[in-house]
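One structure below.
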2 protein chains.
Amino acid sequence: MSPDDHHRIETIALLEGTPPHVGRLLAEAAEIRALAAGELAFVAGQRPQFLHLILSGRLALIGEGAGAETMVEAFGEGEALLTPAVVLDRLYLLSARAMIDSRLAAIPAESFRALLDREPALARAVVTQLARHWRVLIRQIKDLKLRAGAQRLASYLLAQDRDRSGRIYLLMERRLLARRLGMTPEHLSRAFAQLRPFGVAAVGRAVTISDESGLRRFCDYDAVT
Amino acid sequence: MSPDDHHRIETIALLEGTPPHVGRLLAEAAEIRALAAGELAFVAGQRPQFLHLILSGRLALIGEGAGAETMVEAFGEGEALLTPAVVLDRLYLLSARAMIDSRLAAIPAESFRALLDREPALARAVVTQLARHWRVLIRQIKDLKLRAGAQRLASYLLAQDRDRSGRIYLLMERRLLARRLGMTPEHLSRAFAQLRPFGVAAVGRAVTISDESGLRRFCDYDAVT
DNA sequence: GCTCTCGTTTAACAAATATCAAACGCGCAA
DNA sequence: TTGCGCGTTTGATATTTGTTAAACGAGAGC
């Protein structure tokens with residue numbers, strides 16, 4: 001492992017507020033895994049072997065069932081795949097697939113849980129992290145139950161980061177975005193068409209919104225973070 | 001507060017594994033709130049004032065948006081409404097409503113967070129609790145995205161506790177169950193009809209299943225806990 | 001620069017779900 | 001008991017979403 005990898009593991013967002021030796025211990029226990037786009041970091045039904053930190057690239061959490069699959073959430077550089085399966089030592093409910101070529105730090109699950117018991121600051125950091133994800137999941141459930149497809153798309157777009165000129169760059173291809181939003185690619189395409197009256201213009205992965213307040217009203221956007 | 005209430009707070013499931021003085025401190029900081037059926041413990045958009053423990057009764061977490069409302073999850077006696085809003089000191093994303101007359105222990109959010117920072121065992125217990133809920137939410141998201149209404153109902157029924165004779169007793173009226181499952185009451189009624197070929201018989205709130213393995217196949221039931 | 005492939009869009013149609021309306025039935029109070 | 005109120009069921013219809021198929025278009029490799 002390169003000193004650079006070591007440093008990236010020690011300074012990952014999850015560990016914010018923990019004493020330096022926690023990061024050092026985790027980095028020492030970690031091994032580096034390179035995944036090509038499409039490869040799986042873990043599979044639903046498996047027993048977790050590692051806690052994965054994303055050093056570079058992007059991974060999607062995938063749910064399978066009833067002969068289909070869906071994307072629950074995607075994570076990028078500097079984030080941890082901190083799934084409850086690892087924390088609780090239960091079987092994975094989701095699989096993780098690399099959306100692009102990625103490099104992961106894999107920390108043995110057993111070491112991580114041992115450290116979790118021993119290091120109060122780590123437990124406290126994990127509480128914060130899990131609580132944040134909880135809110136992301138709650139938003140998704142509210143969206144799925146209360147909003148139609150086009151409204152979910154609008155809501156998703158409004159929550160994305162913009163560049164200086166207000167443009168949004170979609171982090172995934174539309175097929176995947178459709179699965180993230182709980183609809184088919186065909187339906188997503190129609191949803192984009194429905195948003196055109198609000199000045200939503202999509203060119204490739206770049207999206208611009210001209211009537212943002214109209215779009216907010218359309219989807220009853222909830223800006224609470 | 002009665003000694004009995006005191007004892008119930010100290011022995012709540014959330015605190016399993018924490019030293020006795022943690023429960024004692026929480027119980028001393030708590031005040032008792034009685035809610036009549038239909039009353040709200042907190043409202044989405046509010047800043048959390050308390051962590052609520054359910055001493056008796058049953059509460060539903062309700063999401064509002066786009067002019068409608070939905071039930072995300074329900075909690076009963078001995079459980080805590082351990083929402084991320086309280087942990088992170090953010091605005092509530094959900095409201096909590098008493099489904100029946102209930103008694104709550106309300107612990108000032110500030111005291112709870114302070115104790116969370118000070119007591120490693122509490123942080124560790126909260127990690128476990130949040131992780132468990134995470135899995136409940138993931139199941140719901142997978143259900144909503146991958147399964148049709150009747151399959152979600154089947155899946156829900158198969159996950160419920162049975163009495164000695166194998167009967168299931170529904171914990172809520174059907175109107176609410178419909179919202180929990182992400183459908184209308186009318187659709188739920190038709191979903192029950194769709195399950196009749198598998199020997200699903202509902203009389204009031206009592207439900208029996210005669211062809212359980214058939215039902216499992218029908219909804220592609222995932223028994224992973 | 002040119003295909004070739006594969007993701008996206010469009011269209012027609014089918015299935016699932018919601019809506020509206022009315023009938024039903026069960027519990028509760030007079 | 002009898003009648004009332006409210007939750008549930010049933011039916012007809014509308015809307016939303018998924019499916020199938022085909023056309024389109026942009027990017028990768030030759």
Side-chain angles (χ1 to χ4, degrees), chain A residues 36-38 60 65-71 97 99-101 141 143-157 169-196 200-207 218-220, chain B residues 37-38 60 65-71 97 99-101 141 143-157 169-197 200-207 218-220:
Chain A
E69 75 169 48
T70 188
M71 179 198 297
R97 179 182 298 150
M99 295 162 69
I100 54 178
D101 294 353
I141 290 176
D143 265 13
L144 289 167
K145 285 180 167 178
L146 295 171
R147 291 202 248 252
Q151 292 173 308
R152 294 204 294 277
L153 172 59
S155 187
Y156 176 88
L157 291 175
Y169 279 96
L170 298 177
L171 294 169
M172 58 192 92
E173 52 187 45
R174 301 195 176 200
R175 204 170 33 148
L176 274 176
L177 177 57
R179 296 306 174 190
R180 160 65 181 77
L181 294 174
M183 62 183 92
T184 58
E186 294 90 336
H187 195 76
L188 173 62
S189 190
R190 282 182 283 212
F192 266 111
Q194 262 188 275
L195 300 188
R196 271 201 283 269
V200 174
V203 182
R205 288 200 182 180
V207 179
F218 170 71
C219 68
D220 190 27
Chain B
E69 74 169 49
T70 188
M71 179 196 298
R97 179 182 298 149
M99 296 163 67
I100 54 179
D101 293 353
I141 289 176
D143 265 12
L144 289 167
K145 286 181 166 177
L146 294 171
R147 291 202 249 251
Q151 293 173 307
R152 291 204 294 278
L153 171 58
S155 187
Y156 176 88
L157 291 175
Y169 198 77
L170 297 177
L171 295 169
M172 57 192 93
E173 53 187 45
R174 299 194 177 201
R175 203 170 35 149
L176 274 176
L177 177 57
R179 296 307 174 190
R180 161 66 182 76
L181 294 175
M183 62 184 95
T184 58
E186 293 93 331
H187 196 77
L188 174 63
S189 187
R190 284 183 257 258
F192 266 111
Q194 262 187 275
L195 300 187
R196 270 202 283 270
V200 173
V203 182
R205 289 200 181 181
V207 179
F218 169 71
C219 68
D220 191 24

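A note on names: the letters A, B, ... follow the listed sequences, proteins ahead of strands, and every chain is numbered from 1.
Rounded to an integer number of Å, the gap from CZ of B:Arg174 to P of D:dT10 is 10 Å. Atom CZ in B:Arg205 sits about 13 Å away from atom C1' in D:dT8, given to the nearest Å. Look at CD on B:Glu186: it is 14 Å from P on D:dG11, rounded to the nearest Å. Following rounding to the nearest Å, A:Arg152 (CZ) and D:dT16 (P) show an atom-to-atom distance of 13 Å. In this entry the distance linking CG of A:Leu188 with C1' of D:dT16 reads 15 Å, nearest Å. As a whole-Å value, the separation of B:Met99 CE from D:dG7 P is 14 Å.
For B:Arg174 against B:Gly204, the heavy-atom pair with the smallest separation is NH2-O, 2.7 Å. Residue A:Ala154 comes nearest to A:Phe218 through the heavy atom pair CB-CD2, 4.1 Å, listed as atom of the first residue, atom of the second, then distance. What you find for B:Ala191 and B:Ala150 is that their closest heavy atoms are CB-CA, 3.8 Å. What you find for A:Met172 and A:Arg180 is that their closest heavy atoms are SD-CB, 4.5 Å. Between B:Leu144 and B:Leu181, the shortest heavy-atom distance links the atoms CD2-O, 4.0 Å. Summarising the geometry of A:Met71 relative to A:Ala60, their closest heavy-atom pair is CE-CB, 3.9 Å, with the distance given to 0.1 Å.
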Worked verdict on B:Asp220 versus B:Gln151 for side chain to side chain contact (heavy atoms under 4.5 Å, CB included):
CA-CA 8 Å; B:Asp220 191 24; B:Gln151 293 173 307; 5.7 Å; no
Could you please spell out the steps behind the side chain to side chain contact (heavy atoms under 4.5 Å, CB included) verdict for B:Tyr156 and B:Asp143?
CA-CA 10 Å; B:Tyr156 176 88; B:Asp143 265 12; over 6 Å; no
Kindly determine whether A:Leu170 and A:Leu157 satisfy side chain to side chain contact (heavy atoms under 4.5 Å, CB included), including the steps that lead there.
CA-CA 9 Å; A:Leu170 298 177; A:Leu157 291 175; 4.0 Å; yes
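Rotation axes derived from the C1' atoms of the five outermost pairs at either end of the helix from C:dG1-D:dC30 to C:dA30-D:dT1 lie 40° apart, to the nearest 10°.
Taking the 5' to 3' direction, DNA chain C first and last meets chain A under 4.0 angstrom from a heavy atom at C:dG7 to C:dA12.
Set against D:dA21, D:dT17, D:dG7, the side chain of B:Arg175 has D:dG7 as its closest nucleotide.
Nearest-nucleotide positions on DNA chain D for A:His187 and B:Met172 put B:Met172 closer to the 5' end.
Put simply, the side chain of B:Asp101 gets close to the backbone of B:Ala37: a donor and an acceptor are under 3.5 Å apart.
Using a 4.0 Å heavy-atom criterion, one finds that B:Gly149 contacts the sugar-phosphate atoms exclusively.
Scanning residues 177-184 of chain B for heavy-atom distances under 4.0 Å to DNA chain D yields an empty list.
Side-chain contact between A:Arg152 and A:Cys219: absent, with no pair of heavy atoms (C-beta onward) separated by less than 4.5 Å.
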